[in-house]
Amino acid sequence: MAEKMIVVISGYLLMTFYNLAKTKKMMLRDKITYGVTVIVSIYLGIEYVGEFGMPILHDIASWLYKDLGHRIVEYLDKNS
């Protein structure tokens, strides 16, 4: 677990130092996109290090779109 923490923390430190000057020049839309990407990667980093069994992005997307997928399949089967 310590090795995983070192890898994740060093990755975030390198990313932060590299992007620090660039984020000041970004437009608001780019900053929001960058922030969302960082938040998702932090979530996945915590899951990678801790192995807590939290729902990963695939599980969340599956939960959100499960009913829609079933409806599309039923519609296509009915019209075939």
Side-chain angles (χ1 to χ4, degrees):
M1 184 167 146
E3 296 88 10
K4 290 181 180 181
M5 287 179 62
I6 291 171
V7 168
V8 170
I9 290 172
S10 63
Y12 282 115
L13 287 174
L14 289 172
M15 181 181 70
T16 301
F17 289 131
Y18 179 76
N19 291 322
L20 196 59
K22 293 182 180 187
T23 54
K24 293 178 183 176
K25 298 176 185 177
M26 290 182 183
M27 294 173 37
L28 179 61
R29 180 180 61 180
D30 298 331
K31 288 180 182 180
I32 291 171
T33 304
Y34 179 73
V36 168
T37 305
V38 169
I39 289 170
V40 169
S41 69
I42 288 172
Y43 175 80
L44 292 173
I46 291 170
E47 171 61 28
Y48 171 71
V49 171
E51 299 176 1
F52 298 121
M54 299 185 308
I56 56 174
L57 298 177
H58 180 320
D59 297 333
I60 294 170
S62 174
W63 178 76
L64 284 174
Y65 298 115
K66 179 175 53 173
D67 294 333
L68 178 63
H70 288 299
R71 289 181 188 160
I72 290 172
V73 169
E74 288 174 4
Y75 176 77
L76 292 175
D77 285 341
K78 185 173 24 174
N79 290 334
S80 295

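The model shown is predicted, which means the values in this text are computed figures rather than measured ones.
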K.L.:
Would you name the heavy atoms of M26 and K31 that are closest together and state the gap between them?
P.N.:
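Smallest heavy-atom distance, with atoms named: O-CE, 3.4 Å.
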K.L.:
Between atom CG of L14 and atom CD1 of I9, what is the distance when rounded to the nearest 0.5 Å?
P.N.:
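Between L14 CG and I9 CD1, I get 12.0 Å after rounding to 0.5 Å.
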K.L.:
Applying salt bridge (Lys or Arg N to Asp or Glu O under 4.0 Å) as the test, list every pair that has at least one member in residues 60-72; sequence neighbours left out.
P.N.:
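Applying salt bridge (Lys or Arg N to Asp or Glu O under 4.0 Å) to every pair that reaches into residues 60-72, excluding sequence neighbours, yields nothing.
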K.L.:
Does any pair with a residue in residues 7-24 pass side-chain hydrogen bond (donor to acceptor under 3.5 Å, both in side chains), and if so which ones, sequence neighbours excluded?
P.N.:
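Qualifying pairs, neighbours excluded: Y12-S41, Y18-K22, N19-Y34.
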K.L.:
Quick one: are M15 and V38 in side-chain contact, heavy atoms under 4.5 Å?
P.N.:
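The answer is yes, as the side chains (C-beta and beyond) meet within the 4.5 Å cut-off.
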K.L.:
To the nearest 0.5 Å, what is the distance between OG1 (T37) and CD1 (I42)?
P.N.:
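The distance works out to 11.0 Å.
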K.L.:
Find out if a path of hydrophobic residues (ILVMFWY) with successive side-chain heavy-atom gaps under 4.5 Å connects L76 to L68.
P.N.:
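Both belong to a single hydrophobic cluster.
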K.L.:
May I have all residue pairs that pass salt bridge (Lys or Arg N to Asp or Glu O under 4.0 Å) and include part of residues 3-17, sequence neighbours excluded?
P.N.:
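Qualifying pairs: K4-E51.
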K.L.:
Look up atom CE in M5 and atom CD1 in I46, then write down how far apart they are to the nearest 0.5 Å.
P.N.:
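M5 CE to I46 CD1: 10.5 Å, rounded to 0.5 Å.
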